[in-house]
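First the structure, in the form of structure tokens, and then the observations on it.
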Amino acid sequence: MKVTYLGQSGIILEAAGERIVIDPYLSDAASLVNPLWSRAMPIPMLPDALAGTLAVLCSHEHIDHLDPLTIAPLLEASPATDLYASEAALGSLTFAVDAGRLHGLRGEGETLEIGPFVVRPLPAAHSASYTLEQSELGHRWLGFVVEAEGRGVFHAGDAVDYAGLAESIGTVDLACVPINGRGREDRDIVGNFEPAEAADLCRRVHATHALAMHWDMFTANPGDPGAFRSALAGSGITVHVLTPLETIDLLA
């Protein structure tokens with residue numbers, strides 16, 4: 001399985017000639033809401049370059065994870081691509097999609113088979129109180145464990161740790177974790193793992209590779225990849241701090 005980084009929390013997963021995408025942000029849509037959220041890096045590809053993708057998985061409804069200016073044109077260019085997200089996120093869509101292409105997730109007890117990929121959605125803790133948020137629709141915030149070609153990848157979405165998270169993930173080859181930390185709540189920014197906390201989770205899921213996410217897109221909400229790398233020094237885990245379109249080959 002190959003993993004290509006798109007910036008922020010976006011990744012492409014490729015296996016057996018097929019592809020899925022998680023949390024692609026390939027526009028500058030957030031800046032249209034608030035100039036504070038202008039991209040700090042160029043857009044690496046246009047959404048229609050992902051035509052032929054089996055599925056787009058979105059961890060939650062925030063615009064840098066479920067971006068209408070990325071996902072709507074991608075789905076238009078690729079009629080066979082489906083969208084998977086929490087029921088809460090699908091309820092917030094601002095663009096029209098054929099209902100048959102939408103798959104709502106609860107984040108509990110689900111296993112999805114999408115081509116060669118087996119996907120397990122998991123709850124993520126990203127509420128304003130840094131706890132899980134659940135309703136009759138299921139969990140609002142998600143992470144994903146994806147397995148293919150004998151390899152496993154965990155994508156945390158936006159998250160902090162909670163009791164039982166590592167056990168729910170199990171053992172994976174690659175942990176993709178946000179490292180922008182907390183401390184910006186006075187600006188209404190709900191944070192994520194501190195670098196050392198993200199590193200600790202990578203150890204507890206016995207990852208052999210760790211990818212730093214959610215540190216590079218917005219100058220108002222940065223992370224410290226150097227601190228993440230330092231926190232994993234001596235662990236035997238290969239730390240990846242990538243620029244968009246760089247790839248990790250888990251079969252190499």
Side-chain angles (χ1 to χ4, degrees), residues 1-15 19-26 39-45 49-50 53 56-59 64-65 117 119-120 122 124 142-161 165-166 169-181 191-219 221-252:
M1 180 160 47
K2 290 184 179 180
V3 182
T4 300
Y5 185 55
L6 294 174
Q8 190 67 342
S9 298
I11 62 171
I12 303 168
L13 299 175
E14 297 175 274
R19 177 176 62 207
I20 62 173
V21 185
I22 303 178
D23 285 358
Y25 182 64
L26 301 173
R39 290 182 69 100
M41 60 177 63
I43 296 170
M45 64 169 62
L50 293 172
T53 294
V56 180
L57 280 58
C58 294
S59 60
D64 56 323
H65 298 262
F117 302 96
V119 180
R120 285 193 294 117
L122 300 175
L142 301 177
F144 302 101
V145 174
V146 182
E147 297 177 340
E149 297 182 321
R151 299 292 186 268
V153 172
F154 170 60
H155 185 288
D158 276 356
V160 297
D161 204 359
L165 174 59
I169 297 166
T171 297
V172 293
D173 297 276
L174 170 65
C176 306
V177 285
I179 63 164
N180 58 300
N192 290 307
F193 287 101
E194 298 290 346
E197 295 170 332
D200 180 62
L201 181 69
C202 292
R203 290 190 186 90
R204 287 188 286 127
V205 299
H206 308 287
T208 53
H209 297 264
L211 174 62
M213 300 195 306
H214 211 292
W215 62 272
D216 53 359
M217 186 64 66
F218 305 117
T219 56
N221 193 14
D224 186 346
F228 181 59
R229 191 184 297 277
S230 295
L232 284 171
S235 67
I237 298 173
T238 301
V239 179
H240 300 271
V241 178
L242 304 183
T243 58
L245 302 186
E246 286 192 291
T247 295
I248 304 165
D249 188 347
L250 295 177
L251 295 176

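These numbers come from the heavy atoms of this one structure, side chains and all, not from hydrogens, waters or symmetry mates. Nothing here was measured: the structure is a model prediction, and the numbers come from that model. We number each residue from 1, following the sequence as shown.
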Pairing residues for [X] by the side-chain hydrogen bond (donor to acceptor under 3.5 Å, both in side chains) criterion, not counting sequence neighbours:
| X | result |
| --- | --- |
| Tyr5 | Asp216 |
| Asp173 | none |
| Arg204 | Asp161, Asp200 |
| Glu246 | Thr243 |

Find out whether [X] and [Y] are in side-chain contact, i.e. whether some heavy atom of one side chain is under 4.5 Å from a heavy atom of the other.
| X | Y | result |
| --- | --- | --- |
| Thr238 | Ile248 | no |
| Gln8 | Leu6 | no |
| His155 | Val146 | no |
| Leu211 | Ile11 | yes |
| Ile22 | Ser59 | no |
| Glu197 | Asn192 | no |
| Phe154 | Leu201 | yes |
| Ser9 | Tyr25 | no |

Pick out which of Glu147, Met1, Glu149 makes a side chain to side chain contact (heavy atoms under 4.5 Å, CB included) with Phe117.
->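 Looking at Glu147, Met1, Glu149, the match for Phe117 under the side chain to side chain contact (heavy atoms under 4.5 Å, CB included) is Met1.
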
Contacts of Glu194 that satisfy salt bridge (charged side-chain N to carboxylate O under 4.0 Å, His left out) - sequence neighbours left out |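 Expected list: none.
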
Between [X] and [Y], which heavy-atom pair has the shortest distance, and what is it?
| X | Y | value |
| --- | --- | --- |
| Ile179 | Ala212 | CD1-CB, 3.8 Å |
| Ala15 | Ala148 | CB-CB, 3.7 Å |
| Ala124 | Ala159 | CB-CB, 4.1 Å |
| Ile20 | Thr53 | CA-CG2, 3.9 Å |
| Cys202 | Ala175 | SG-CB, 3.8 Å |
| Gly191 | Val160 | O-CG1, 4.4 Å |

Could you go through the side-chain contact (heavy atoms from CB on, under 4.5 Å) check for Asn221 and His214 one step at a time?
-> CA-CA 8 Å; Asn221 193 14; His214 211 292; 3.7 Å; yes

With sequence neighbours excluded, what pairs up with [X] under the side chain to side chain contact (heavy atoms under 4.5 Å, CB included) test?
| X | result |
| --- | --- |
| Pro44 | Leu26, Arg39, Pro244, Leu245 |
| Val56 | Pro24, Cys58, Ile71, Leu74, Thr81, Leu83 |
| Glu14 | Lys2, Thr4, Ile12, Arg19 |
| Thr219 | Ala40 |

Inter- and intrachain pairs under salt bridge (charged side-chain N to carboxylate O under 4.0 Å, His left out), touching residues 151-160, at least two apart =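 Applying salt bridge (charged side-chain N to carboxylate O under 4.0 Å, His left out) to every pair that reaches into residues 151-160, excluding sequence neighbours, yields nothing.
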
Any salt bridge (charged side-chain N to carboxylate O under 4.0 Å, His left out) pairs touching residues 232-244, not counting sequence neighbours?
->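 Residue pairs passing salt bridge (charged side-chain N to carboxylate O under 4.0 Å, His left out), neighbours aside: none found.
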
Rounded to the nearest 0.5 Å, how far apart are CG of Leu13 and SG of Cys176?
->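 Those atoms lie 7.5 Å apart.
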
Distance in Å, Leu142 CG paired with Leu57 CG, rounded so as to fall on 0.5 Å steps |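 Between atom CG of Leu142 and atom CG of Leu57 there are 9.0 Å.
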
Less than 3.5 Å apart, which donor and acceptor atoms pair up between the side chains of residues 228-235 and the rest of the protein, not counting sequence neighbours?
{"unit_1": "Ser230", "atom_1": "OG", "unit_2": "Gly226", "atom_2": "O", "d": "3.0"}
{"unit_1": "Ser235", "atom_1": "OG", "unit_2": "Leu232", "atom_2": "O", "d": "2.6"}
{"unit_1": "Ser235", "atom_1": "OG", "unit_2": "Ile237", "atom_2": "N", "d": "3.1"}

